[in-house]
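Read the structure below first, then the notes.
Naming: A, B, ... by sequence-line order, numbering from 1 per chain.
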Amino acid sequence: MRRRVLGKKFFDEPTLDVARSLLGKYMVRRRGKTEKAYMITEVEAYDGPRDKASHASHGRTPRVEVMFGEAGKLFVYFTYGMHWMLNVVTGPKDYPAAVLVRGVEGINGPGRVTKKLLVDKKLNGKKAAPSSGLWFEDRGIAIRRSAISRTSRIGVSYAGSYWASRKYRFVLSV
DNA sequence: ACGATGATGAAC
DNA sequence: TTCATCATCGTA
């Protein structure tokens, strides 16, 4: 099987492009000797300091510092008192942007993804790479444009009508 | 439908 | 220092 680990070059692109490109790619998790790969089926883009749905719209706080950093780093934060959210940083340094992984094959919901893959704050700020135990791979699956649907993002009504209605969510239809 | 559960930022 | 708000999920 053809495998290519996705690195900085892949993620250092416009957030929306990266989000769409991640569909059909694989997220690989290694814990000790066991390694599991899951095809990515649902993502959301959070794009820049003016995106009111992005936590980075409040400025460069410790919680979101990683979003301002290097593309290809993992951004993990805690919400709703019980869920970890897994993102990967995109675009240039000092431009806060990331893609939230909302679903993978067989697992729907960002909180379930992190629970299943045992993701928590220990991964925050780590590079998405085999050395950190969590990374992304291109395994040669081609995704047709027609297999991708775009919708507005989930749970961001607080962001105001403009930002809440941006079609920044990408879903791979079965 | 709503409660669990806690970090965050804004208000006071 | 308190408070409402949340990129949610499970149970109902």
- prompt: Taking the side chain of A/Tyr158 as heavy atoms from C-beta outward, which of C/dA7, B/dG9, C/dC9 is closest to it?
  reply: C/dA7
field: Of the listed nucleotides C/dC9, B/dA7, C/dA7, the one nearest the side chain of A/His83
entry: C/dC9
- request: Classify the angle between the aromatic ring planes of A/Phe78 and A/Trp84 as parallel (below 30°), tilted (30 to 60°) or perpendicular (above 60°).
  value: tilted
In whole Å, what is the span from the [atom1] atom of [X] to the [atom2] atom of [N]?
X	N	atom1	atom2	value
A/Ile107	C/dT8	CD1	C1'	15 Å
A/Asn87	C/dC6	CG	C1'	14 Å
A/Met67	C/dA7	CE	P	12 Å
A/Tyr80	C/dA4	OH	C1'	13 Å
A/Trp163	C/dA7	CH2	P	15 Å
A/Trp84	B/dG6	CH2	P	11 Å
A/Lys52	B/dG9	NZ	P	14 Å
A/Glu44	C/dC6	CD	C1'	14 Å

task: Check whether the side chains of A/Ser173 and A/Ser149 place a donor and an acceptor atom closer than 3.5 Å, and report yes or no.
output: no
For [X] and [N], is the shortest distance between a side-chain N/O and OP1 or OP2 below 4.0 Å?
X	N	result
A/His58	B/dA10	yes
A/Arg112	C/dG10	yes
A/His55	C/dA7	yes
A/Thr79	B/dT8	no

query: Is it true that atom CZ of A/Arg150 has more than 12 heavy atoms of other residues, nucleotides or ligands lying nearer than 6.0 Å?
result: yes
message: Distance to the ring centre below 6.0 angstrom and angle to the axis at most 45 degrees; does that hold for A/Arg153 and A/Tyr46?
response: yes
Under 4.0 Å, counting only non-hydrogen atoms across every strand here, what does [X] touch: a base, just sugar-phosphate, or nothing?
X	value
A/Met82	base
A/Ile154	sugar-phosphate
A/Arg63	sugar-phosphate

query: So, does the side chain of A/Tyr77 form a donor-acceptor pair with the base of B/dA7 at under 3.5 Å?
result: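 Under the 3.5 Å cut-off, the side chain and the base do not form any donor-acceptor pair.
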Base partner of B/dT5, which must satisfy Watson-Crick or wobble distances under 3.5 Å: none
query: Checking A/Arg20 side chain against A/Leu16 main chain: does a donor-acceptor pair fall under 3.5 Å?
result: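 Such a contact is absent between A/Arg20 side chain and A/Leu16 backbone.
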message: Stacking between A/Phe78 and B/dA7, defined as ring centres under 5.5 angstrom apart with planes under 30°, is that present or not?
response: no
